[in-house]
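Accompanying notes for the structure given below.
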Amino acid sequence: MKAKELVTAYYSAFNRRDAEALLSLLSDDVIHDVNQGRTEMGKNAFRDFLGVMDAHYEETARDLTVMVSEDDRNAAAELRIEGIYRKTQAGFPPAKGQTYSIPVGAFYEIANGKIKRVTSYYNLASWIAEVSK
């Protein structure tokens, strides 16, 4: 699968909340750079990350733009995440069903028809301010 198709399918699975379809697009040794956090390795770690996110948030990707390198080995996505903060996550403000909408930039490395690396960036301070209102 080409880079643009992979990234588009990734967000389609994300929006359907279909973790297994999303995980099928990743290499087994995927590298995940968590926004303002740690780097996690492997599909099982990514599965755990999705579980935590699904337990606390209901999110949808909107306004997706995907850009791809000439060699099809890298892709970047610009999008907006619209969400509902459903359950308090440790270290963050209390959840009361607050809604939010934040711009996100994400970067992907592609190898052997799979996503090999996922790196996402958003302004955590802005998100905290939105859910603290």
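Along the sequence shown, residues are numbered consecutively beginning with 1.
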Q) Which heavy atom in Val7 sits nearest to a heavy atom in Ala75, and how many Å separate them? A) CG2-CB, 3.8 Å
Q | 4.5 Å side-chain heavy-atom contact, Ile115 and Ile110 | A | yes
Q) Within a radius of less than 6.0 Å around NZ of Lys43, do more than 12 heavy atoms belonging to other residues, nucleotides or ligands occur? A) yes
Q: Ignoring hydrogens and angles, tell me if any N or O in the side chain of Asn112 forms a donor-acceptor pair with the backbone of Lys114 under 3.5 Å.
A: no
Q.
Under the rule for side chain to side chain donor-acceptor pair (under 3.5 Å), what residues qualify as partners of Thr39, not counting sequence neighbours?
A. Asp33
Q | Counterpart residues, ring pair (Phe, Tyr, Trp, His ring centres under 6.0 Å), relative to His32 (two or more places apart) | A | Phe46, Phe49
Q.
Is there a side-chain contact between Leu23 and Val30 in this structure, where contact means two heavy atoms from C-beta onward sitting under 4.5 Å apart?
A. no
Q: For Lys133 and Ala129, work out which heavy atoms get closest and say how close.
A: CG-O, 3.4 Å
Q | Heavy-atom pair with the smallest gap, counting every atom of Ala9 and Leu25 | A | C-CD1, 3.6 Å
Q) Listed by chain and number, what are the side-chain contact (heavy atoms from CB on, under 4.5 Å) partners of Ala21, not counting sequence neighbours? A) Ala13, Arg16, Asp18
Q.
Treating Gln98 as the side-chain partner and Lys96 as the backbone partner, does any N or O pair qualify as donor plus acceptor under 3.5 Å?
A. yes
Q) What pairs of residues pass the ring-ring contact (aromatic ring centres under 6.0 Å, His included) test when at least one of them lies in residues 1-20, not counting sequence neighbours? A) Tyr10-Tyr108
(Q) Can you list, by chain and residue number, the hydrophobic cluster partners of Phe107 when the side-chain cut-off is 4.5 Å? (A) Tyr121
Q) Got a sec, which residues hit salt bridge (charged side-chain N to carboxylate O under 4.0 Å, His left out) with Lys2, two or more places apart in sequence or on another chain? A) none
(Q) Testing the basics here: between Ala61 and Leu79, what is the closest heavy-atom pair and its distance to 0.1 Å? (A) CB-CD1, 3.7 Å
Q. Given side chains that start at C-beta, do those of Thr60 and Ile81 come closer than 4.5 Å, heavy atoms only?
A. no
**Q.** Partners passing salt bridge (charged side-chain N to carboxylate O under 4.0 Å, His left out) against Asp72 (at least two apart in sequence or in another chain)
**A.** none
Q: Kindly determine whether Ile31 and Val118 satisfy side chain to side chain contact (heavy atoms under 4.5 Å, CB included), including the steps that lead there.
A: CA-CA 6 Å; Ile31 300 164; Val118 178; over 6 Å; no
Q. Considering residues at least two apart in sequence or located in another chain, which fulfil the side-chain contact (heavy atoms from CB on, under 4.5 Å) criterion with Lys116?
A. Ser27, Asp29, Glu109, Ala111
Q | Shortest non-hydrogen separation from Gly97 to Ile84 and the atoms involved | A | O-CG2, 3.7 Å
Q | Ser12 side chain vs Thr8 backbone, donor-acceptor pair below 3.5 Å | A | no
**Q.** Interatomic spacing from CD1 in Ile102 to CD in Glu130 - rounded to 0.5 Å
**A.** 7.5 Å
Q) Between Ala19 and Leu50, which heavy-atom pair has the shortest distance, and what is it? A) CB-CD1, 4.1 Å
(Q) In this structure, would Val34 and Met41 fall into the same cluster of hydrophobic residues linked by side-chain contacts under 4.5 Å? (A) no
(Q) Considering only residues two or more places apart or on different chains, which pairs with a residue in residues 73-84 satisfy side chain to side chain donor-acceptor pair (under 3.5 Å)? (A) Arg62-Glu82, Arg80-Ser101
Q: With sequence neighbours excluded, tell me which residues meet salt bridge (charged side-chain N to carboxylate O under 4.0 Å, His left out) with Asp48.
A: none
Q: Indicate whether any N or O donor in one side chain lies under 3.5 Å from an N or O acceptor in the other, for Tyr100 and Glu59.
A: yes
Q | Partners passing salt bridge (charged side-chain N to carboxylate O under 4.0 Å, His left out) against Glu20 (at least two apart in sequence or in another chain) | A | Arg47
Could you pull out every donor-acceptor pair under 3.5 Å between side chains of residues 86-93 and any protein atom, sequence neighbours left out?
residue : atom : partner : partner atom : Å
Arg86   : NE   : Glu58   : OE1          : 3.0
Arg86   : NH2  : Glu58   : OE1          : 2.8
Thr88   : OG1  : Ala95   : N            : 2.7
Gln89   : OE1  : Tyr57   : OH           : 2.5

